[in-house]
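Reading through the structure tokens given below for one structure.
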Amino acid sequence: MSDWQRTHTCGELRESHIGQTVTLNGWVNTYRSYNNQVFVDLRDRYGVTQVVFESEDAELQKLANSVGREFVLSVTGAVAARLKGKENAKLATGAVELKASAAKVLNACPTPPFEITEFGNELANEDIRLQYRYLDLRRKTLQDTMILRHRLCKTIRDTLDAQGFLEVETPLLGKSSPEGARDYLVPSRVYHGEWFALPQSPQLYKQLLMVAGYDKYFQIARCLRDEDLRADRQPEFTQLDMEMSFIEMEDIFRVIENLSKAIFKDCLDIDIPTPFRRMGYDEAMLKYGSDKPDLRYALEIVDVGAVAAKSEFKVFKDVLASGGVIRGLCAKGAADKFSNSDLKPGGKLSEHVGRYGAKGLAWMKVEGDKLTGSIEKFFPAAVQQELRQVMNAESGDVLLFVADKESVVCDALGALRIHLASLLKLYDPDAKVFNILWVVDFPSFMYDAEDKRWVANHHPFTAPRDEDIPHLDTDPGKVKAKAYDLVMNGYEVGGGSIRIHSPVVQSKAFQVLGMDEETAKSRFGFLLDALKFGAPPHGGIALGIDRWVMMLAGTTNIRDVIAFPKNAKSRDLMTGAPAGVDNRQLKDLGLK
RNA sequence: GGGGACGUAGCUCAAUUGGUUAGAGCACCGGCCUGUCACGCCGGAGGUUGCGGGUUCGACCCCCGUCGUCCUCGCCA
């Protein structure tokens, strides 16, 4: 061992080490200097230890005075108890300090472009932190998140291994399929004009593994989708991809609930209750305007169509006459929180619903036993009474309504519900509260009015509920799928389905989607062939690892849980990718 | 592709709403300090106000364009 190499980490020393001579390696976290006395807080990923330079050795003191923040040091010395009353309770190592007797600058560091400490939560702008990601990753919060992510993946591997699951890798270079998200494409050098596609998920491969008899499969797999980003979406992200044979939905639920229990226990030492609540898609859309409802707070949407029909309000009556719906939210005690100008057209609440295609936000306030507001006059007293009753409204509440076609009402009120919950502080975003549920009974197909065709809601291999199979021929809109989403605090953190393993049902599904035999064959021929060769009943699920870490770490930014993320415009600000390439490379690929 | 917010010192933010020398905290540099720990005190340096144009006697501020960052709608089977 070289004389500068560490014997302990910076998070390790305790009173039991007092008297030992040790060597620490680490970065200068902070630095406090006097004439002949220098305190350095030395940091590594295990913690921080205070080093004291107060030696008779002039060379050593000179070295100590010459270092700056983020210098990399090796320090050797005796572990000593701190002076009485000078212990630092904020440090795990705070009972002791290292009295330096020798030190070596392993590397110097220029003044960093931003401060790496987190005091006051005054972080530098994200773009500069992404540009110097390796510096930002030195922050304790990010290091803790990466450790959490590691723990999550380890728990997954251990738990699934113990249950007999096999981790199998599937190709990154595959075939493009026109369904779903936009593919990232990779040109073939050998076959000019032909392209690989990077996987949006290992979906097809995992089904092939079932055909091959690997009846309990999982993979922590990178997935790539060339779509626009969001705070919780990256072009490359990680899924726990799973598939099982000879199972039904209940088996998937049980495996995932037990896995979730293990994850919360190992990562946060929290016992979460199982089984998870289940909610039908229809109920989720009706009450929460979303297929991923945040149930940390109630604030349910109420359908008031029957009451509104008794009013004289032309806007409402017209919407009902044209087959639309009228639904509303009752914002408890919000009357004095929203001024009339907040509520009027162009105000901050109505603007919020406008984004989702709602033409307006109708409102009334409850004052004592009366309703007030510009549309109050269209509601006879008895109807007002009824409205208050169905919306469970009391004095001081604000009633908010959107009238439109159902999809617009769901989107608008679903978004307004989330917005109100945040404004009215209906939940504590920082509390370690986890509301988890299964959303089930998704429609198999959604009608695309523009293209005048049915499209698969999940994917074309999702099995219909057994009792709905007859509807495939007659009324595809009625068919519910054996599909399920796992929802946590309003985020979709998983989703999957039981797959079709019957060629007859599969070809009916393709028929509904308007895909003829030939098209289906050219797109998924290898899978359809495989399914013929003795495919077992099978199904699976994928959990969004990044979003799980977000939830566990308490962040809403996916970039906080990925070591080297892209920015919101899909650029890597550190490497500069994507970037141009040499003409030579293009020539090899037949692109020039 | 659309909408919104933002862009001022290395970093985080001010600048009395168009007024003359653009400030503060942190960081940095120098000095003082023998128990600090987000050390403290004194001093210093640091600016083409993202970039380009326009309006004006005068622009960080208003207008147009452009670039960048974040959020969002579309998109994400």
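Below, read A as the first sequence line, B as the second, and so on, with proteins coming before strands; counting in each chain starts at 1.
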query: Between B/A38 atom C1' and A/Asn88 atom CG, what is the distance in whole Å?
result: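 From A/Asn88 CG to B/A38 C1': 11 Å.
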
message: Whole angstroms only, please: what is the CD1-C1' distance between A/Ile558 and B/C71?
response: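 Answer to the nearest Å: 15 Å.
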
Are any of [X]'s side-chain N or O atoms less than 4.0 Å away from OP1 or OP2 of [N]?
{"X": "A/Arg230", "N": "B/C73", "answer": "yes"}
{"X": "A/Tyr356", "N": "B/C73", "answer": "yes"}
{"X": "A/Lys90", "N": "B/A38", "answer": "yes"}
{"X": "A/Lys86", "N": "B/U36", "answer": "yes"}

message: Applying the Watson-Crick and G-U wobble criteria at under 3.5 Å, what pairs with B/C28? Answer none if nothing qualifies.
response: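 The answer is B/G44, by the H-bond criterion.
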
query: Is there a Watson-Crick or G-U wobble partner for B/U36 with both distances under 3.5 Å, and if so, which one is it?
result: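 In the structure as shown, B/U36 has no Watson-Crick or wobble partner.
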
So for [X] and [N], does any side-chain atom that can act as donor or acceptor lie under 3.5 Å from a complementary atom in the base?
{"X": "A/Arg225", "N": "B/C76", "answer": "no"}
{"X": "A/Asp228", "N": "B/G74", "answer": "yes"}
{"X": "A/Glu115", "N": "B/U12", "answer": "no"}

Between [options], which one does the side chain of [X] approach most closely?
{"X": "A/Ile128", "options": "B/U69, B/C11, B/G35", "value": "B/C11"}
{"X": "A/Ala124", "options": "B/G74, B/C11, B/U36", "value": "B/C11"}
{"X": "A/Leu130", "options": "B/C70, B/A38, B/C33", "value": "B/C70"}
{"X": "A/Arg82", "options": "B/U36, B/U72, B/C75", "value": "B/U36"}
{"X": "A/Glu227", "options": "B/C76, B/A38, B/C73", "value": "B/C76"}
{"X": "A/Arg69", "options": "B/A27, B/U34, B/U72", "value": "B/A27"}

Exercise: identify the closest heavy-atom pair between A/Phe114 and A/Ile128: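 Residues A/Phe114 and A/Ile128, closest heavy atoms: CE2-O, 3.8 Å.
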
query: If you look at every heavy atom in A/Ala568 and A/Leu229, which pair is closest and at what distance?
result: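 Smallest heavy-atom distance, with atoms named: O-CB, 3.6 Å.
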
Which part of the nucleic acid does [X] contact within heavy-atom distance under 4.0 Å: base, sugar-phosphate only, or nothing?
{"X": "A/Ser33", "result": "base"}
{"X": "A/Thr117", "result": "nothing"}
{"X": "A/Glu126", "result": "sugar-phosphate"}
{"X": "A/Asp127", "result": "sugar-phosphate"}
{"X": "A/Asn125", "result": "sugar-phosphate"}
{"X": "A/Leu573", "result": "sugar-phosphate"}
{"X": "A/Arg355", "result": "sugar-phosphate"}
{"X": "A/Leu91", "result": "nothing"}
{"X": "A/Gln203", "result": "base"}
{"X": "A/Lys99", "result": "base"}
{"X": "A/Arg559", "result": "sugar-phosphate"}
{"X": "A/Gln131", "result": "nothing"}
{"X": "A/Asp226", "result": "nothing"}
{"X": "A/Glu54", "result": "base"}

message: Suppose you measure atom P in B/U49 against the same atom in B/G1; what distance do you get, rounded to whole Å?
response: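 Per the computed distance, 31 Å lies between those P atoms.
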
message: Strictly below 4.0 Å, N to O, side chains only: are A/Glu115 and A/Arg69 in salt-bridge contact?
response: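 Salt bridge: no.
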
- prompt: Do the charged groups of A/Lys521 and A/Asp529 touch, with an N to O distance under 4.0 Å?
  reply: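 Answer for the salt bridge query: no.
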
Main-chain N/O of A/Val439 paired with A/Asp485 side-chain donor or acceptor, under 3.5 Å: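 Not confirmed, A/Asp485 side chain does not pair with A/Val439 backbone.
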
- request: Measure the acute angle between the ring planes of A/His459 and A/Phe461, then classify it against the limits of 30° and 60° as parallel, tilted or perpendicular.
  value: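 Taking A/Phe461 first and then A/His459, their aromatic rings sit tilted (interplane angle of 30° to 60°).
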
message: Are A/Phe442 and A/Tyr484, when compared by the centres of their aromatic rings, separated by less than 6.0 Å?
response: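 Here the rings of A/Tyr484 and A/Phe442 have centres that are no less than 6.0 Å from each other.
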
- request: Using heavy atoms to find the nearest nucleotide of RNA chain B for A/Gln37 and A/Pro112 separately, return the residue whose nucleotide is more 5′.
  value: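 Going by which nucleotide is closer to the 5' end, it is A/Pro112.
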
task: Measure the distance between the ring centre of A/Phe39 and the centre of the six-membered base ring of B/U36, then answer whether it is under 5.5 Å with planes under 30°.
output: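 Stack criterion met.
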
